[in-house]
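Here is the structure we will look at, set down as structure tokens.
Atoms within each ligand, like the ligands themselves, are counted from 1 in listed order.
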Amino acid sequence: MNFGKVFVIAGAAGSGKTTVAKYLHDRYKMERVITHTTRASRPNERDGVDYHFETPASMNRLHLLESVEYDHHLYGSSLESLITGWQTGHDDVIVLDTKGAITYHQKLGDRAVIIFLTVSHIASLAHRMVKRGDELRAVHSRLKSPEYHRDLHLPDELKGIANVVVNDSWSQTTNQIDQIVRRISSEKD
Ligand SMILES: Nc1nc2c(ncn2[C@@H]2O[C@H](COP(=O)(O)OP(=O)(O)O)[C@@H](O)[C@H]2O)c(=O)[nH]1
Ligand SMILES: Nc1ncnc2c1ncn2[C@@H]1O[C@H](COP(=O)(O)OP(=O)(O)O)[C@@H](O)[C@H]1O
């Protein structure tokens with residue numbers, strides 16, 4: 001089988017990770033890797049499409065490549081789902097926290113293309129979460145969590161490795177993402 005790349009989208013809550021993952025799927029046919037979580041689904045989220053929604057017991061039975069605790073809930077991804085994506089002949093795209101991005105870099109090396117999203121004004125993150133339809137209680141919990149504050153900044157382990165994209169203007173973001181995809185694809189040739 002032809003193993004491809006996995007584009008790992010990391011960054012703070014509300015920074016646009018899911019939006020960028022959807023763009024990479026729509027524009028470049030990348031396969032979205034659906035990860036597992038024990039958190040409750042949000043309005044408009046569907047099981048098997050946005051996440052595989054799990055109970056702590058069902059999460060425990062999975063064979064995960066890596067897993068993390070984020071804002072009191074478990075999240076994890078499997079090697080099997082990466083391989084299923086590559087079997088389509090396309091690259092994969094996955095949305096992870098920065099701890100997961102570090103693990104992917106350590107385990108997969110150049111096969112993992114890390115994109116770290118940030119914004120110029122931190123306050124816009126909470127506004128985007130509210131606009132997205134998150135419950136206010138969930139937004140407050142997120143803003144209080146140490147993981148949210150940790151993921152505002154690029155971790156030392158990914159300095160010089162991750163492609164940093166400031167997602168203030170969507171048109172500038174797509175330009176930058178297009179440049180990254182072109183560079184990676186020219187390195188493959
Ligand atoms: N390490 C890791 N992180 C994950 C996984 N699935 C989701 N995440 C991350 O967990 C964090 C919380 O995700 P979510 O509850 O959907 O909140 P959001 O960032 O506001 O969209 C985000 O940083 C996700 O990227 C996974 O399988 N592994
Ligand atoms: N450049 C941008 N300008 C304004 N809103 C944006 C931008 N990028 C994403 N959004 C919006 O911000 C909200 C959060 O984006 P999302 O992709 O869900 O973030 P994350 O997955 O990182 O939590 C969504 O409603 C999305 O449509």
**OP:** Would you indicate which of Gly133, Ala10, Gly14 comes nearest to atom 14 (C) of ligand 2 when only heavy atoms are counted?
**Re:** Gly14

Subject >> For ligand 2, the portion of Asp168 having any non-hydrogen atom under 4.0 Å away >> reply: backbone

Original post:
Which of these, Arg128, His127, Met129, has its nearest heavy atom closest to atom 7 (C) of ligand 2?
Top reply: Arg128

**OP:** Verify the neighbour count for atom CG of Asp110: are there more than 12 heavy atoms of other residues, nucleotides or ligands below 6.0 Å?
**Re:** no

Subject >> For atom 9 (C) of ligand 2, the protein heavy atom that lies nearest, with its residue and separation >> reply: Thr19 OG1, 3.7 Å

Original post:
Taking all atoms of both residues into account, what is the closest heavy-atom pair of Asp134 and Arg132, and its distance?
Top reply: OD2-NH2, 2.7 Å

Subject >> Close-contact set for ligand 2 against Ala12 heavy atoms, below 4.0 Å >> reply: 22 (O)

**OP:** Would you mind checking if Arg39 and Glu54 are paired as a salt bridge, meaning a charged N to carboxylate O distance below 4.0 Å?
**Re:** no

Original post:
Is Asp91 paired with Lys5 through a side-chain N to carboxylate O contact shorter than 4.0 Å?
Top reply: no

Subject >> Contact residues of ligand 1, where a non-hydrogen atom lies under 4.0 Å away >> reply: Ala13, Lys17, Thr35, Arg39, Arg42, Tyr51, Glu66, Val68, Tyr70, Tyr75, Gly76, Ser77, Val95, Leu96, Asp97, Gly100, Arg132, Arg142

Original post:
Which heavy atom of the protein is the closest neighbour of atom 21 (O) of ligand 2, given with residue, atom name and distance?
Top reply: Thr18 OG1, 2.6 Å

Would you tabulate the side-chain donor-acceptor contacts of residues 112-123 under 3.5 Å, counting partners in other chains and residues two or more places apart, or write 'none'?
unit_1, atom_1, unit_2, atom_2, d
Ser120, OG, Asp168, OD2, 2.4

Original post:
Does an N or O anywhere in Thr173 fall below 3.5 Å from an N or O of ligand 2?
Top reply: no

Original post:
Can any side-chain N or O of Ser77 pair as donor or acceptor with the backbone N or O of Val33 at less than 3.5 Å?
Top reply: no

Original post:
atom 1 (N) of ligand 2: which protein heavy atom is closest, and how many Å away?
Top reply: Asn167 OD1, 2.8 Å

**OP:** Output yes when Glu45 and Arg42 qualify as a salt bridge under the 4.0 Å nitrogen-oxygen rule, no when they do not.
**Re:** yes

Original post:
Should Ser124 be listed as contacting ligand 2, given a heavy-atom distance under 4.0 Å as the test?
Top reply: no

**OP:** Walk me through it: do Asp97 and Tyr148 pass the test side chain to side chain donor-acceptor pair (under 3.5 Å)?
**Re:** CA-CA 9 Å; Asp97 73 342; Tyr148 167 80; over 6 Å; no

Original post:
What atoms in ligand 2 come closer than 4.0 Å to a heavy atom of Trp170?
Top reply: 1 (N)

Original post:
Of Lys17, Arg132, Lys22, which has the heavy atom at the shortest distance from atom 25 (O) of ligand 2?
Top reply: Arg132

Original post:
When you look at NE2 of His127, are more than 12 heavy atoms from neighbouring residues, nucleotides or ligands closer to it than 6.0 Å?
Top reply: no

**OP:** Could you check atom 19 (O) of ligand 2 against the protein and tell me its nearest heavy-atom contact, residue, atom and distance included?
**Re:** Gly16 N, 3.2 Å

Subject >> Thr84 side chain to Glu80 backbone, donor-acceptor under 3.5 Å >> reply: yes

**OP:** Find the distance between CG (Asp151) and CZ (Arg142) and round it off to the nearest 0.5 Å.
**Re:** 9.5 Å

Original post:
Heavy-atom distance under 4.5 Å between the side chains of Val6 and Trp86, does that happen here?
Top reply: yes

